[in-house]
Amino acid sequence: MDVSFLGGPQPQRGVGVVAPFDFALDRELWRWVPDEVSLHLTRTPFVPVEVSLDLARLVSEHETLHDAVRALAAVAPEVVAYACTSGSFVGGVAGERAMCAAMTQAGEIPSLTTSGALLEALREIGARRIAVVTPYTRSVTDSLEEYLAEGGMTVTGRAYLGLTRHIWKVPYRDVVDMARQAVVGATDALFISCTNLPTYDVIPQLEAELRMPVLSANQVTMWAALRAIGAQAVGPYQALLDPVARSGPAGMSVSPLRGPLPMTDPVVESVIEAVESVESVVDEPEAALAGAASPGSDGDPVDGLDPGFGAGLGEGPYLDDSGGPAAG
């Protein structure tokens with residue numbers, strides 16, 4: 001069969017991604033990317049350190065970034081994104097800017113980071129009071145809160161898991177539980193931190209339930225990288241990406257604690273109805289979405305997670321960097 005009429009593959013635009021060595025969610029990044037864009041990923045060198053402030057500093061050293069960006073430059077991406085939240089907020093706002101400058105100089109390619117993209121996204125949606133969810137230890141979560149404060153944001157509530165490894169195995173149900181715990185008082189938006197924490201499918205559910213924009217590390221990274229080249233990230237009913245979603249439940253100013261608002265947007269209605277239909281089948285709506293059990297009342301670890309992770313959300317003390325108990 002003669003297929004010469006096809007004319008070859010369609011031209012692709014490139015986005016370079018520098019990820020930490022333990023990044024496990026390549027496919028999740030691709031889910032935000034339109035067909036005409038290709039991702040080119042590279043990883044930082046392995047270091048035998050668990051997730052901590054020390055690891056964040058190691059994977060964001062300028063020499064490490066220089067080598068990674070030089071490798072990506074061989075395939076000529078139009079922009080380079082450093083996909084690590086803790087690695088880009090550990091040095092504060094000044095440290096994040098210095099990282100971008102170092103990457104841009106290394107490859108002569110415009111560069112950005114997850115934490116820089118976060119502040120850009122928060123300004124885009126007009127949010128200043130932020131609830132925060134992280135899989136990190138207390139000290140790393142504290143560092144994120146300090147970074148947000150430097151960027152002019154106020155953290156209104158937070159929840160964290162205290163994990164030091166295998167973060168990509170956390171089920172959606174745990175993310176939902178943390179979100180419900182973190183969103184208290186007057187809050188403009190929720191941020192789910194860590195590029196190694198799965199979030200793509202949980203964002204629409206949380207926006208419908210919490211009636212506010214929900215941002216995640218991978219989402220803001222892809223949104224900012226694609227916007228930098230004049231492309232648009234794709235995602236089902238996510239306020240940052242979809243103006244219709246932003247004018248729906250994400251645009252509602254009344255907290256769900258004060259009762260629901262009238263819904264006039266048919267898309268909004270369909271999302272809420274879908275959530276309510278699941279509630280009629282199971283006791284907790286997130287159970288059907290998660291497909292995995294959460295910690296039980298006896299404090300057992302999440303299925304599939306190493307018992308050494310820590311106590312988990314809501315059952316017993318979290319663990320700090322030393323392995324001892326830390327206040328939630």
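Values below: all heavy atoms of this structure, side chains included; hydrogens, waters and symmetry mates excluded.
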Query raised in the report: Are Val17 and Val234 in one and the same hydrophobic cluster, where Ile, Leu, Val, Met, Phe, Trp and Tyr link if side-chain heavy atoms are under 4.5 Å apart?
Result: no

Query raised in the report: Do Thr195 side-chain atoms and Ala83 backbone N/O form a donor-acceptor pair below 3.5 Å?
Result: yes

Query raised in the report: Do Val18 and Trp168 belong to the same hydrophobic cluster, where Ile, Leu, Val, Met, Phe, Trp and Tyr are linked whenever their side-chain heavy atoms lie under 4.5 Å apart, directly or via other members?
Result: yes

Query raised in the report: Okay, side chain of Glu207, backbone of Ala239: is any donor-acceptor separation there less than 3.5 Å?
Result: yes

Report task. In plain terms, say whether Arg158 and Asp142 are close enough for a salt bridge, that is, a side-chain N and a carboxylate O under 4.0 Å apart. Result -> yes

Query raised in the report: Can you tell which of Glu28, Arg31, Gln238 makes a side chain to side chain donor-acceptor pair (under 3.5 Å) with Gln219?
Result: Gln238

Query raised in the report: So how far is it from Met222 CE to Gln232 CD, rounded to the nearest 0.5 Å?
Result: 14.5 Å

Query raised in the report: Is any side-chain N of the basic residue among Arg70 and Glu108 closer than 4.0 Å to the acidic one's carboxylate O?
Result: no

Query - Met153 and Arg123, any side-chain heavy atoms less than 4.5 Å apart - result: yes

Query raised in the report: Any donor and acceptor pair, going by atom type alone, linking the side chain of Arg13 with main-chain N or O of Ile229 inside 3.5 Å?
Result: yes

Requested in this report: Is it possible for you to say whether Val132 and Ile125 belong to one hydrophobic cluster, with membership spreading through side-chain heavy-atom contacts below 4.5 Å?
Outcome: yes

Query raised in the report: What heavy-atom pair brings Leu53 and Ser143 nearest, and what distance separates the two atoms?
Result: CD2-CB, 3.8 Å

Query - Nearest heavy atoms of Leu241 and Ala233, plus distance in Å - result: CD2-CB, 3.8 Å

Query raised in the report: Judged by modelled atom types alone, do Asn218 and Tyr200 share a side-chain donor-acceptor pair under 3.5 Å?
Result: no

Report summary line: On a heavy-atom basis, the closest approach of Thr156 and Ala131 is OG1-N, 3.8 Å

Query raised in the report: Any donor and acceptor pair, going by atom type alone, linking the side chain of Asp242 with main-chain N or O of Pro236 inside 3.5 Å?
Result: no

Query raised in the report: Which salt bridge (Lys or Arg N to Asp or Glu O under 4.0 Å) pairs, counting each pair once, include a residue from residues 14-23, with sequence neighbours left out?
Result: none

**Report entry** Shortest non-hydrogen contact from Ala228 toward Val79
**Finding:** CB-CG2, 4.1 Å

Requested in this report: Show the numbers, then the answer: is there a side chain to side chain contact (heavy atoms under 4.5 Å, CB included) between Thr134 and Phe191?
Outcome: CA-CA 9 Å; Thr134 89; Phe191 174 58; over 6 Å; no

Query raised in the report: Does Met103 reach the side chain of His62, with side-chain heavy atoms less than 4.5 Å apart?
Result: no

Requested in this report: Would you check if Leu29 and Phe23 make a side-chain contact, meaning some heavy-atom pair closer than 4.5 Å?
Outcome: yes

Requested in this report: State whether a side-chain donor-acceptor pair under 3.5 Å links Tyr82 with Thr114.
Outcome: no

Query raised in the report: Out of Val59, Leu58, Leu65, which residue meets the side chain to side chain contact (heavy atoms under 4.5 Å, CB included) rule with Glu61?
Result: Leu58

**Report entry** Ring centers of Tyr136, Tyr160 separated by less than 6.0 Å
**Finding:** no

Requested in this report: With side chain to side chain contact (heavy atoms under 4.5 Å, CB included) as the test, would you mind laying out the steps for Ser216 and Ile203 before giving the verdict?
Outcome: CA-CA 8 Å; Ser216 78; Ile203 291 173; 3.8 Å; yes

Query raised in the report: Going by distance alone, is a donor N or O of one side chain under 3.5 Å from an acceptor N or O of the other, for Glu36 and Gln12?
Result: no

Requested in this report: For side chain to side chain contact (heavy atoms under 4.5 Å, CB included), just list the numbers for Ser86 and Tyr147, CA-CA rounded to whole Å, side-chain angles, deciding distance to a tenth of an Å, and then say yes or no.
Outcome: CA-CA 10 Å; Ser86 60; Tyr147 173 82; over 6 Å; no

Query raised in the report: Does some side-chain heavy atom of Ile109 sit less than 4.5 Å from a side-chain heavy atom of Pro77?
Result: yes

**Report entry** Reported CG-to-CD distance for the pair Leu210 and Gln205, which is rounded to 0.5 angstrom
**Finding:** 9.0 Å

Query raised in the report: Does any non-hydrogen side-chain atom of Phe89 lie less than 4.5 Å from one of Glu146?
Result: no

Query - Smallest separation among heavy atoms of Pro204 and Asp201, with atom names - result: CD-O, 3.5 Å

Query raised in the report: What's the spacing between Arg180 CZ and Leu190 CG if we round to 0.5 Å?
Result: 12.0 Å

Query raised in the report: Going by the angle between their ring planes, with limits at 30° and 60°, are Phe46 and Phe21 parallel, tilted or perpendicular?
Result: perpendicular

Query raised in the report: CD/Glu124 to CG/Leu119 distance, rounded to the nearest 0.5 angstrom?
Result: 13.5 Å

Query raised in the report: In terms of side-chain geometry, is the basic nitrogen of Asp188 or Arg128 positioned less than 4.0 Å from the acidic oxygen of its partner?
Result: no

Query raised in the report: Do the non-hydrogen side-chain atoms of Leu148 and Leu118 ever get within less than 4.5 Å of each other?
Result: yes

Query raised in the report: Are the side chain of Thr64 and the backbone N or O of Ser60 linked by a donor-acceptor pair below 3.5 Å?
Result: no

Report task. Using atom types as modelled and distance alone, determine if a side-chain donor or acceptor of Thr104 lies under 3.5 Å from a backbone N or O of Ala102. Result -> no

Query raised in the report: So how far is it from Leu206 CG to Ile192 CD1, rounded to the nearest 0.5 Å?
Result: 5.5 Å

Query raised in the report: Linking I/L/V/M/F/W/Y whenever their side-chain heavy atoms sit closer than 4.5 Å, directly or via other members, would Leu41 and Val75 fall into one cluster?
Result: no

Query raised in the report: Under 3.5 Å, side chain of Ser88 to main-chain N/O of Thr85, donor-acceptor pair present?
Result: yes

Query raised in the report: In Å and rounded to the nearest 0.5 Å, what is the CG to CG distance from Asp174 to Leu197?
Result: 9.0 Å

Report summary line: Leu161 and Met178 have their tightest heavy-atom pair at CG-SD, 3.5 Å

Query raised in the report: Can Thr154 and Ile130 be said to form a side chain to side chain contact (heavy atoms under 4.5 Å, CB included), step by step?
Result: CA-CA 6 Å; Thr154 300; Ile130 315 302; over 6 Å; no

Query raised in the report: Do Trp223 and Leu39 share a hydrophobic cluster, counting only Ile, Leu, Val, Met, Phe, Trp and Tyr and linking them when any side-chain heavy atoms are less than 4.5 Å apart?
Result: yes

Requested in this report: Verify side chain to side chain donor-acceptor pair (under 3.5 Å) between Glu96 and Thr113, making sure each step is shown before the conclusion.
Outcome: CA-CA 7 Å; Glu96 190 277 332; Thr113 74; 2.6 Å; yes

Query raised in the report: Do the non-hydrogen side-chain atoms of Leu55 and Glu50 ever get within less than 4.5 Å of each other?
Result: no

Requested in this report: Give a yes or no on whether a salt bridge exists between Asp26 and Arg43, defined as a side-chain N under 4.0 angstrom from a carboxylate O.
Outcome: yes

